[in-house]
Number of protein chains: 2
Amino acid sequence: MNDPDWSLYRTFLAVCRTGSLSGAARDLGLTQPTAGRHVDELERLLRRTLFTRSPQGLMPTDAALEIRPYAESLATTAAALLRQVSGATERVEGVVRITASDVIGVEVLPPILARLQAAHPGLVVELSLSDQVEDLLHREADVAVRMTRPVQDALVVRSIGEIELGLYAHPDYLTQAGTPETFADLSLHRMIGFDRQTAFVRMAAAEMRRLNPGFSTVEEIGWHYRTDNNLAQLAAIRAGAGIGFCQTRLAEREPRLQRVLPEVRYPLPSWVAMHEDLKTSPRCRATFDALVEGLQDYVSAPSSR
Amino acid sequence: MNDPDWSLYRTFLAVCRTGSLSGAARDLGLTQPTAGRHVDELERLLRRTLFTRSPQGLMPTDAALEIRPYAESLATTAAALLRQVSGATERVEGVVRITASDVIGVEVLPPILARLQAAHPGLVVELSLSDQVEDLLHREADVAVRMTRPVQDALVVRSIGEIELGLYAHPDYLTQAGTPETFADLSLHRMIGFDRQTAFVRMAAAEMRRLNPGFSTVEEIGWHYRTDNNLAQLAAIRAGAGIGFCQTRLAEREPRLQRVLPEVRYPLPSWVAMHEDLKTSPRCRATFDALVEGLQDYVSAPSSR
DNA sequence: GAGCAATCATTCAAAAATGAATGACCCCGA
DNA sequence: TCGGGGTCATTCATTTTTGAATGATTGCTC
């Protein structure tokens, strides 16, 4: 009598995501009346109103917001199942989903993945770039590059060493604003930094207190250019907007970036991780190995100093 | 073109579980031809043979075994979603799923849960008793009683103190076999213990080495009555089969159980845990609180010594 | 304010999924 | 060796689901 058909959850989720029956229908390859009927039936079976209908779209109710995470989880699992099937052969082929920070994904991974795909033409790579760690246990991703040590069980974890961060600026900026000689000088500069409080920010705060006890918190630096998007920070540094953090290995590739206060160093211990069960999956195994090797090279490349 | 309807996974899972199309159809309220067609379509869409048909049932192929965990995960999530909906009111009602060890579930929880349900008649309790910890993050259970500190994030955890284990035997046994005076005497007795290596066994081994450096491993005790089922161990002790471990609070209730070597004590730090998101769910919150209170009472009840 | 581009709701015919019935096969026990 | 109970496969009528078309409403733009 109860127990809705699982496909109703898929429609429900699509409606949540698109905000309209029509949009959901487009995404799913259905028609708008069908999507509407699915929602109707789900509402009937759950005995809950899920959306308040309006001509310009549907507003999810509290009940809908409550069950949406579950529907997302269903979608994630279904996607992982398909990836698993796609790569269930002896060869390295199918879809592998990698999660990493955006900087790593844009600046470091491309050549590594290109080499991997050259070796395995059947391999399709999905890159999910974000700082919020996708959950490997939930199979939101197959392989992850992490800056924090994964603590969960049932994960295969390999250290790739420490990615070092330093302060950098464009020569144009330094010519115009001068080069800081001491940590305290930084307060006179345009600093490129973070918008919200993140793990890295807290760590940086602790490190700055260590280097300069006069500053009680990192907030006192007074960021002049705030964004949580690390790529945007990097672009800002390149554009001469001020002084900001950049991975030293990355900066070494760019002759036009100049290091500031070389004693400021944040080593970020980094790892590659994947679910234990995926060890036997050729596509995941090959990707994992390629990432470990490529990133170890990246981390330990001879410094150009 | 691809992307099977999610309901196909449900049928697939039912076929896996029952081992036959007919059985799956019975479970799902379908008919056998429909179940068969679902499997056919899933096989077509995944381009994999999932079962080898035979008159006495269906044998899952390797591909089926590979994707079954994903289907199980879908089922778990769908069930959690329904529980969430069932209890999404201001009142404490709906289904709450609790996981605990079997001894706790059989010997300790009943009065606590009975009281809870007396206070909230609309509350339905699902008890999942096993030593393998169900994953709270995956919502396999809403609330868990754990003997190991939960490490995962996003969990609400409350300590309930230490559950103490001791050695016990039935007076009949001691009359017949004698009462051991020293730890070394135990090797002359019929010991009731574990079949396989578990976390507790490893801990007990360490503890025994501490108490008695002469024994290098717990295996040397030579269990005479082996089972991983703690309830069966308890029953064996009660039946006078030998000496075994029992929670002291439990044993104190039973005048016919006599403590052996009182210096042998294993305190098991214990916790109640649930997913953070469920804090706002009245049914989970009430259950969590009732378990914490009830178990704290159980742990700290005045000893009858 | 008219026209356009969205939205959702309704209707009705077409398509798809389902179930009942039946047949074929296999295993087991009498 | 012969049912009886279990399985899956096939067929066909029925039910259900779906989609196309249409209408009604809203918001936006010109």
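Note: hydrogens, waters and symmetry copies are ignored here, and every other heavy atom, side chains too, is used. Quick note on labels: first sequence line is chain A, next is B, and so on, each numbered from 1. If you're wondering where the values come from, they're calculated on a predicted model, not measured in any experiment.
Between Arg37(A) and dT17(D) there is no side-chain N or O to OP1 or OP2 distance below 4.0 Å. Contact check, Thr34(A) against dT18(D): no side-chain N or O comes under 4.0 Å of OP1 or OP2. For the pair His38(B) and dA17(C), the criterion of a side-chain N or O lying under 4.0 Å from OP1 or OP2 is not met. Residue Arg26(A) places at least one side-chain N or O under 4.0 Å from the OP1 or OP2 atom of dT7(C).
Distance from the side chain of Leu30(A) is smallest to dG19(D) among dA9(D), dT17(D), dG19(D). If you check dT17(D), dA21(C), dC8(D) against the side chain of Pro33(B), the one that comes closest is dA21(C). With distances taken from any side-chain atom of Ser22(A) to the nucleotides dA20(C), dA20(D), dC8(C), the minimum falls on dC8(C). Here dA20(C) is the nucleotide among dA20(C), dT17(D), dC8(D) with the atom lying nearest to any side-chain atom of Thr31(B).
The pair Glu72(B)-Arg68(B) counts as a salt bridge, with a side-chain nitrogen and a carboxylate oxygen less than 4.0 angstrom apart.
For the pairing with Ile98(A), the side chain to side chain contact (heavy atoms under 4.5 Å, CB included) check across Asp142(A), Ile104(A), Leu127(A) returns one residue only, Leu127(A). When each of Arg285(B), Lys279(B), Arg283(B) is tested with Ser281(B) by the rule side chain to side chain donor-acceptor pair (under 3.5 Å), just one qualifies, namely Arg283(B).
dC8(D) atom P lies 13 Å from atom CD of Glu43(B), rounded to whole Å. If you take CG of Leu28(B) and P of dT18(C), they are 11 Å apart, rounded to a whole angstrom. Separating the CG atom of Asp40(B) from the P atom of dT18(C) is a distance of 12 Å, rounded to the nearest angstrom. For the pair Asp5(A) CG and dT17(D) C1', the computed distance is 11 Å after rounding to whole Å. Distance, Met59(A) CE to dC8(C) P: 14 Å, rounded to whole Å. Spacing between atom CG of Leu21(B) and atom P of dG6(D) amounts to 16 Å, rounded to whole angstrom units.
If Glu41(B) and Gly23(A) are placed on DNA chain C by their nearest nucleotide, the residue sitting closer to the 5' end is Gly23(A). Residues Gly29(A) and Gln32(B) each lie close to DNA chain D; by heavy-atom proximity, the contact nearer the 5' end of the strand is made by Gln32(B).
Between Phe51(B) and Val15(B), the shortest heavy-atom contact is CZ-CG1, 3.5 Å. Pairing each heavy atom of Ala286(B) with each of His120(B), the nearest pair is CB-NE2, 4.3 Å.
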